[in-house]
Amino acid sequence: MHILVVDGFGPSEDSRKKFKTFYNLVVSAFDKCWHYGRSIQAKGYRDLGEYMCSDPAGLVRVEQIKRFDKLDFIFLDGDLPLLPWSPDAEQVWSLLVMSVQTGKCVLAASFAAPIALAAINSLGRRTLLP
């Protein structure tokens, strides 16, 4: 089982504590429920490139598609005020669109919830505002 935990928390000490709590909750939940092999990986919200199916030039990246396909669960949480059309939210947006299109199990809390709703409602089309 492959699990991705996306860190959308800020750099402050309080934010880091919140992320650690969130990550530990995910780990403890799977410790209780899944006793077979599992892999839990934590990534920052700007470091999701290894799961993006295409590069900025629009070329398809097969290894990244395979890596994304192996994910069973995706958890996103954070305290950053990211808007769905913000350039900083681009990788989170792409990850959520791919998750919706492929039926991945996703928990998008706090900062990722509005991005997830926008990704679902827009059918994956993203409009950048000036």
Side-chain angles (χ1 to χ4, degrees):
M1 177 170 303
H2 299 281
I3 302 152
L4 175 64
V5 180
V6 178
D7 177 4
F9 289 94
S12 72
E13 185 178 326
D14 186 47
S15 293
R16 301 313 324 143
K17 240 187 232 184
K18 288 177 185 177
F19 172 70
K20 190 168 184 156
T21 301
F22 176 68
Y23 181 82
N24 289 338
L25 284 171
V26 172
V27 171
S28 68
F30 282 95
D31 282 345
K32 290 178 186 176
C33 300
W34 190 260
H35 304 289
Y36 312 103
R38 68 170 161 65
S39 163
I40 300 177
Q41 187 173 27
K43 289 284 185 186
Y45 73 99
R46 289 183 180 157
D47 300 326
L48 301 172
E50 66 186 79
Y51 298 101
M52 300 295 107
C53 64
S54 63
D55 64 10
L59 300 173
V60 174
R61 302 178 334 171
V62 176
E63 286 303 314
Q64 285 77 357
I65 291 173
K66 288 179 182 178
R67 193 173 294 122
F68 174 78
D69 188 46
K70 288 180 183 178
L71 292 175
D72 296 302
F73 292 93
I74 301 170
F75 294 88
L76 301 99
D77 196 10
D79 58 4
L80 296 173
L82 288 180
L83 298 173
W85 52 85
S86 163
D88 283 341
E90 185 174 350
Q91 288 187 0
V92 173
W93 171 273
S94 296
L95 182 74
L96 288 168
V97 167
M98 292 185 323
S99 298
V100 168
Q101 291 172 341
T102 59
K104 294 282 183 197
C105 294
V106 176
L107 172 77
S110 54
F111 92 103
I115 299 171
L117 289 173
I120 292 167
N121 289 329
S122 69
L123 303 175
R125 290 185 299 273
R126 185 167 190 245
T127 303
L128 294 178
L129 299 178

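Starting from 1, each residue takes its place in the sequence as its number.
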Working to the nearest 0.5 Å, report the span between [atom1] of [X] and [atom2] of [Y].
X     : Y     : atom1 : atom2 : value
Arg61 : Cys53 : CZ    : SG    : 8.5 Å
Arg16 : Thr21 : CZ    : OG1   : 11.0 Å
Ile40 : Leu4  : CD1   : CG    : 10.5 Å
Leu76 : Leu96 : CG    : CG    : 5.5 Å
His2  : Lys70 : NE2   : NZ    : 6.0 Å
Asp7  : Leu80 : CG    : CG    : 8.0 Å

Checklist entry - If you link I, L, V, M, F, W and Y whenever their side-chain heavy atoms are under 4.5 Å apart, who else ends up in the same group as Leu117? => result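 Joined to Leu117, directly or through intermediates: none.
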Checklist entry - Which residues pass the ring pair (Phe, Tyr, Trp, His ring centres under 6.0 Å) test with Phe73, sequence neighbours left out? => result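 Phe73 satisfies ring pair (Phe, Tyr, Trp, His ring centres under 6.0 Å) with Phe30 once adjacent residues are dropped.
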Answer with yes or no whether the hydrophobic clustering places [X] together with [Y]; edges join I, L, V, M, F, W, Y residues whose side-chain heavy atoms lie under 4.5 Å apart.
X      : Y      : result
Val6   : Leu25  : no
Phe75  : Met1   : yes
Met98  : Val92  : yes
Met52  : Ile74  : yes
Val106 : Ile115 : yes

Are [X] and [Y] side-chain neighbours, meaning at least one heavy-atom pair lies under 4.5 Å?
X      : Y     : answer
Phe111 : Phe9  : no
Trp93  : Pro84 : yes
Glu50  : Lys43 : yes

Identify the two heavy atoms, one from [X] and one from [Y], that lie closest to each other, and give their separation to 0.1 Å.
X     : Y     : answer
Tyr51 : Phe68 : O-CB, 3.8 Å
Ala89 : Leu83 : CB-O, 3.5 Å
Ile3  : Leu71 : C-CD2, 4.4 Å

Next on the checklist: Holding to salt bridge (Lys or Arg N to Asp or Glu O under 4.0 Å), I want the full list of residues that pass it with Lys18, two or more places apart in sequence or in another chain.
Outcome noted: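 Partners of Lys18 by the salt bridge (Lys or Arg N to Asp or Glu O under 4.0 Å) criterion, ordered by chain and then number, come out as Asp14.
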Next on the checklist: Is it true that Tyr45 and Glu90 share a donor-acceptor pair across their side chains at a distance under 3.5 Å?
Outcome noted: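 No.
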Check whether [X] reaches the backbone of [Y] with its side chain - one donor and one acceptor, N or O, closer than 3.5 Å.
X      : Y     : result
Ser86  : Leu82 : no
Asn24  : Lys20 : yes
Gln91  : Leu48 : yes
Lys104 : Asp69 : yes
Trp34  : Gly37 : yes

Test side-chain hydrogen bond (donor to acceptor under 3.5 Å, both in side chains) applied to [X] - qualifying residues, sequence neighbours left out:
X      : value
Arg46  : Asp88
Ser15  : Ser12, Asp79
Ser110 : Asp77

